[in-house]
Amino acid sequence: MKKSVARAAALLVTFATLLLGGALPASAASAASVQTAAVQPADGTAWFGPDLDWASDSPEGYEGRLGATPSMYGVSVDYPLDRTARQELLRSARAAATQGAVLVVSLEPDRELRSLDTADARAVNSVFEELHDQYDTQVLVRYAPQMNGSWVRWGQQPTEFVRTFRSLSDTVHAGSSDALMVWSPSYGAGYPFGESAGRLRNLSPVDVAKADTNGDGQLTGADDPYGPYWPGAEAADWVGLSMFSYGKGDPTEAAGRAVPLTRSGEVEARFDEDWGYDQPQPKSFYDRFAEAGDRPMLLDTGALYNRELQGDSQLEVKRSWWRQVLAAVQERPLIRGMTVLETERREPEAGNRIADWRLTAVPAIAGSFRTDLERSGDFVFGPVTDRVTVQEGNAAISQEYETGGDQMAWIVWLAAGLAVVFLLSGVIGRILPSWRYPDDGKPGRDLRLDLFRGFIILAVVITHIEIGGPYSYLTLHAVGAITGAEMFVFLSGMVLGMTYPFAVKKFGEWAAAIGAWKRARKQYVVTLVVIAVVFALSFVPFLNTDAITTFTDRGTGTGGVDAEGRVYDLYPNAMQLLAYPPPWYAIRQFLLLEMGPWPFNIMGLFVVLSLFIPLLIWVIRRGFWWALLAVSWALYVFQALNPDFRPLNSQFEAVFPLLTWQVVFTHGLVLGYYRRQIVGALTGRLGKILVGVAVGGYAAFLVYVWAGDHYGFTPAPFPETMYQSLYNTAYQRVDLQWGRLVDIAFFAIVSYAILTVFWKPIAAAIGWLWIPLGQASLYVFVWQVFFALAIASIPGVPWGDFWIGFVVHSVLILLAWYMVRKKFLFSVIPR
C-alpha cells in the first residue's frame, strides 16, 4: 500500500512538472512610445535643474533630496572629447534620461582655442546625435561658458572664441541631433576683471581692438563686456548668463553678520545692468540678446555659503537670493531655463575655503526651495522628454519580442525530432542494453545531470559572448524555446534536491541549513566582487567594459523596434560609490544588486533562491511537497496577474522575476528529492504510456498548428491564427509563459531518457568535456563574464565571420574546461 501511494505521488509530481503550462499567459509587452522632445518650454514657463557635481552626485540623489523631479540637468565636460570626457557625457545623459530631463552640456576647452577644428566639432556632435536617437534627449550646448571672464582658461579671447563657436554651431545645426547652441557669458560687472590669469597682458592686437569697444585704447569698465564675444544671430539658438551671489566684503566676514544679505532689488538691478558697474551701461543683457532677437534665455545661478564663518543661517542666505531670482524670472518671459549650482568647492571669494552652493543638502532648504518653485508657477517639473528608466534598461536585456515565424518553426521541429528519438529510444534500449546508463540504484551523483548541465552552461557562455559562428547559431536557434537560463535554474534546483538531503542525514538539519546559508553568502559576496571588479576595469583604457556594463537594444525587446539602438546604463550611480562618503542610494543599489554586468544578472536570482533552500527542503522532507507546489503555483499566477509587481528591485527582477522563476526552481527541488521514486514511476508500464502520450501529444500539437498555417487550413478546434500568435502568447521567456514551461518539462524528460538509453556513446564522445563543466557550472558562469569582456575588447576583428567565431568559441570552451580541471581558484569561486 505504501509503495502504491509513493508511486502515485511520484506520478503526480512528474505531471505537475510536465504540465507546467496551466497558468494564465502574461500580456505581451507593448512597444514603448517615442515622442519628440520639446524644443523649448511652453510660453511663460521655464525648465529648471541643477549643475551637478557628477563625481559625487547624480540625478537620482538630487531628485530624492529635492522631493521633486527637475526638468533639466547641467554637466561640464572637457572639449574636445577624449575617452574620459565622452564617458562622462554619455553617463550623465543616460542618468538624465531616467528622469526625462533636458541636458545642458557645458563644453569647456582644455587646450588652446586656436587648435580646435571641425573634426573636434564633428566628434562631439556625433555623441549628441547618438543621445537624440537613443533617448530623444534635448541637449542645450553651452560652449565655453563665461568666455568674457579672466578666470577660465578659454576666457577673453574674442576672435578665437567666436570662430570656434561658429564652427561648432555650423556642425551641430547641420546634424540630426536637434541640439541647441547656447551663448553664455558671465554677468559683466567688474569687467575686464583685472589681471587675473594674465589674460589682458596676452591679448593679441586683433583681440585688443575687438575688446576696446569705446576706442580709447584701453580695456576698462567702460568697454562692452558682452559684444566682442557675440558669435552672431545665426550661431546662437539660446543666450545665457551666469549670475552668482558671492557675498560682499572681506572673505573673513560672514553673510548676515558683517556682510548684509542680498539686498532687496539686487537681482533686479543685475538684470537691468545697474549693479556693480563703475560705468553706466546703455542697455541690459536681456534686452540686447534675448528680447531683441526673441531668443530663449538660460540663467545659471546660485548663492555661496561659507559654513566656517558665523553669521545668518544657510537657509536665510540662500533663500534671500533665490526668491529674488524667481521674481526676476517671472518678469522676463524669455528666460526659459534656469540651472542652479549644486556643489561644494574651494572658492577664492571665500578665502579659498570650501564653499557650499547646494540647495538640497539640508532638507529644510530643499523643501523651502521646492515650495517656492511650485508657488511661482513658472517652472516646469519633469519629465519633459522620454523617460528611460533603469528598470526599462534591465528589462531590455531580454531581447525576445518576436512575431513567431522562423523562431516558432525551430520549436516545432526540434520538439518533433526529439519526440521521435524519445519514442524510438525504448526500442533501441532493448536492442542495445549495453549502451544504457549504469545506474545500480545506489545514491550518489547522477552523471546524466552533470553532462546535461555541461551542455547548458556552454550554451550560456556561447550566447553571452556575442560573436557569430556555428556554436552561436545552434544555441540561438536549434534548442527550441529553451535557453540556458531556464534549464540552469531547473537543474540547479534538481541537483540541490538530490544532494541536500545527504547533508541533512550526515550533519543534521540545522547544520545543513547553516551550510546552505554560508553557500548563499559566498554566492552573494562573489556577485558583489564581480560587479565591483567589472566597474574597476571600466577605468582601464583598452578594455571595452561598455560591452557588458551597458546594453544596446536590438529592437526585439519590450520596447519594440522604436527602441532599437538605445543604450542602457546597467551601472546606475556607480560613480557615486567613489565619493566620500558615498551616498546611501548608491550603496543600496550596489548591495541590493541593482547594478551589474548584464551577462551576470541571473546570479542575483540564485542568491535569493539559495536563502530559501533549507526551508523548502524542510517542507519537502515532511511530505508536504504538494503544499509547496501549490504555493509555488499561487505565486506564479499572482505574478502573471500582476506583472508590474516586484518584491525586489534587483537587476535580475526585470528579466528573471523572482515570483515567476521560482516555480522552475521549486519543481526542480521536488523532482530531485524524489528522483528515485519518479524514475521508478516513469519506467513502469503506466508511466511509460502516460509520458509517451504526453511527449507525442505535445509534438503532434505543434506540428498540427504549423501545418494549418503552412497549408492553409484551420487547425480546429484552434483558431486559424494560432500558429502566428503562439510564440508571443506562449513562449516569452521573462514571463515563463505556458508553452515555455511545457517545453522545459518536455526537454528535461526527453533529454534524460535519451541520455539514459544512449549513455555510453554520448559519454565517450563528449562526456570528457561536458561532465566536468557541468559539475562546476556556477564556476564557469562566473568566468564567462570576463570571457565576454576580453573578446569585446579586441578591436577590429570581424566577429561575424563563421570561422573566427568557431575558433574563438572553441578556444574559450577548452579554456574553461582546462581551468576546471586545474581547479583554478576553486577555493574562492563557488561551483
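- A salt bridge does not link E108 to R142: none of the charged nitrogens lies less than 4.0 Å from a carboxylate oxygen.
- Ion pair R332/D287 not flagged as a salt bridge, since none of the NZ, NE, NH1 or NH2 atoms sits closer than 4.0 Å to an Asp/Glu carboxylate oxygen.
- Residues satisfying the salt bridge (Lys or Arg N to Asp or Glu O under 4.0 Å) test with D117, not counting sequence neighbours, are none.
- Environment of CZ in R375: sparse, with no more than 12 heavy atoms of neighbouring residues, nucleotides or ligands closer than 6.0 Å.
- Atom CD of E268 is separated from atom CD of Q324 by 9.0 Å, given to the nearest 0.5 angstrom.
- Here R163 pairs with E160 in a salt bridge; the nearest charged N to carboxylate O distance falls below 4.0 Å.
- Side-chain rings of F271 and Y187 stay apart, their centers remaining 6.0 Å or farther from each other.
- Between R353 and E344, none of the side-chain N atoms (NZ, or NE/NH1/NH2) sits under 4.0 Å from a carboxylate O, so this pair counts as no salt bridge.
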Q: Please assess D170 against S167 for the test side-chain hydrogen bond (donor to acceptor under 3.5 Å, both in side chains), listing each intermediate value before the final yes or no.
A: CA-CA 5 Å; D170 289 343; S167 175; over 6 Å; no

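- The minimum heavy-atom distance between P225 and Y277, with the atom names listed, is CG-OH, 4.0 Å.
- A donor-acceptor pair under 3.5 Å is absent between the side-chain atoms of S368 and the main chain of I365, judged by distance alone.
- Classification of D237 and R295 as a salt-bridged pair fails, no side-chain N sitting under 4.0 Å from a carboxylate O.
- No side-chain donor from either of D569 and T550 sits under 3.5 Å from a side-chain acceptor of the other.
- Salt bridge R122/E129: absent, no basic N to carboxylate O contact under 4.0 Å.
- Exactly one of T84, D78, V139, L81 qualifies for a side chain to side chain contact (heavy atoms under 4.5 Å, CB included) with L89. That residue is L81.
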Q. Would S56 and Q576 count as a side-chain hydrogen bond (donor to acceptor under 3.5 Å, both in side chains) if you check the C-alpha gap in whole Å, the side-chain angles of each, and the deciding distance to 0.1 Å?
A. CA-CA 5 Å; S56 60; Q576 277 62 60; over 6 Å; no

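- Counting heavy atoms of neighbouring residues, nucleotides and ligands inside a 6.0 Å radius, atom CD of Q330 exceeds 12 of them.
- Side chains of Q138 and T385: a donor-acceptor N/O pair is absent below 3.5 angstrom, by distance only.
- Distance alone, capped at 3.5 Å, places no donor-acceptor pair between the N125 side chain and the S177 backbone.
- Side-chain atoms of T137 never come within 3.5 Å of backbone atoms of H132 as a donor-acceptor pair (strictly under, hydrogens ignored).
- For residues 347-366, the pairs satisfying ring pair (Phe, Tyr, Trp, His ring centres under 6.0 Å) are F244-W357, Y246-W357, with sequence neighbours left out.
- Side chains of S313 and E316: a donor on one and an acceptor on the other come within 3.5 Å.
- The environment of CZ in R114 is sparse: at most 12 heavy-atom neighbours from other residues, nucleotides or ligands sit within 6.0 Å.
- Judged by distance alone, with hydrogens and angles left aside, the side-chain atoms of N148 form no donor-acceptor pair with the main-chain N or O of P185 at under 3.5 Å.
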Q: Go through the steps to decide whether K283 and D224 satisfy the test salt bridge (charged side-chain N to carboxylate O under 4.0 Å, His left out), and finish with yes or no.
A: CA-CA 10 Å; K283 216 172 184 183; D224 183 355; over 6 Å; no

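- Ring geometry, F535 versus F539: the interplanar angle exceeds 60°, so the pair is classed perpendicular (tilted spans 30 to 60°).
- Between the side chains of E60 and T98, no donor-acceptor pair is found at a separation under 3.5 Å.
- You'll find the side chain of Q99 reaches within 4.5 Å of the side chain of P70, heavy atoms only.
- Ring orientation note: the planes of F285 and W183 are close to parallel, at an angle under 30° on the 30°/60° scale.
- The ring of F161 has its center no closer than 6.0 angstrom to the ring center of W154.
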(Q) Run the salt bridge (charged side-chain N to carboxylate O under 4.0 Å, His left out) test on R387 and E63 for me, step by step, so that the C-alpha distance in whole Å, both residues' side-chain angles and the decisive distance to 0.1 Å come before the verdict. (A) CA-CA 14 Å; R387 188 165 195 167; E63 181 185 42; 3.3 Å; yes

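- Side-chain contact check for T45 and D378: no donor-acceptor pair (N or O, by modelled atom type) lies under 3.5 Å.
- Scanning all heavy atoms of the two residues, the minimum distance from W321 to G302 falls at NE1-O, 3.5 Å.
- Side-chain polar atoms of Y143 and T164 form a donor-acceptor pair below 3.5 angstrom.
- Using modelled atom types, one side-chain atom of S71 and one backbone atom of V380 make a donor-acceptor pair closer than 3.5 Å.
- Atoms CD and CZ, on Q314 and R319 in that order, are 12.0 Å from each other to the nearest 0.5 Å.
- Atom CG of D356 is separated from atom CG of N306 by 9.5 Å, given to the nearest 0.5 angstrom.
- Minimum heavy-atom separation, L116 to Y79: CD1-CE2, 3.8 Å.
- Nearest heavy atom pair, residue A55 against residue A579, reads O-CB, 4.2 Å.
- S58 and Y585 share a donor-acceptor pair across their side chains, judged by distance under 3.5 Å alone.
- The OG atom of S186 lies 9.0 Å from the CE atom of M147; values are rounded to the nearest 0.5 Å.
- The line from CG of L298 to CG of L241 is 9.5 Å long, rounded to the nearest 0.5 Å.
- To the nearest 0.5 Å, atom CE of residue M338 and atom CG of residue D51 are 11.0 Å apart.
- Across every non-hydrogen atom of L52 and P59, the tightest pair is CD1-N, 3.7 Å.
- Between Y226 and F289, the ring planes lie perpendicular to each other; the angle is over 60°, past the 30° to 60° tilted range.
- Between P80 and D110 the shortest heavy-atom distance is CD-OD1, 3.6 Å.
- Side-chain N or O atoms of R153 include one that pairs as donor or acceptor with a backbone N or O of P109 at under 3.5 Å.
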Q: Could you walk me through whether R91 and D546 pass the salt bridge (charged side-chain N to carboxylate O under 4.0 Å, His left out) test, one step at a time?
A: CA-CA 11 Å; R91 188 181 297 116; D546 282 354; over 6 Å; no

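- Under a 4.0 Å N-O distance rule, the pair E347/R345 qualifies as a salt bridge.
- Ring pair F165/Y229: centre-to-centre distance not below 6.0 Å.
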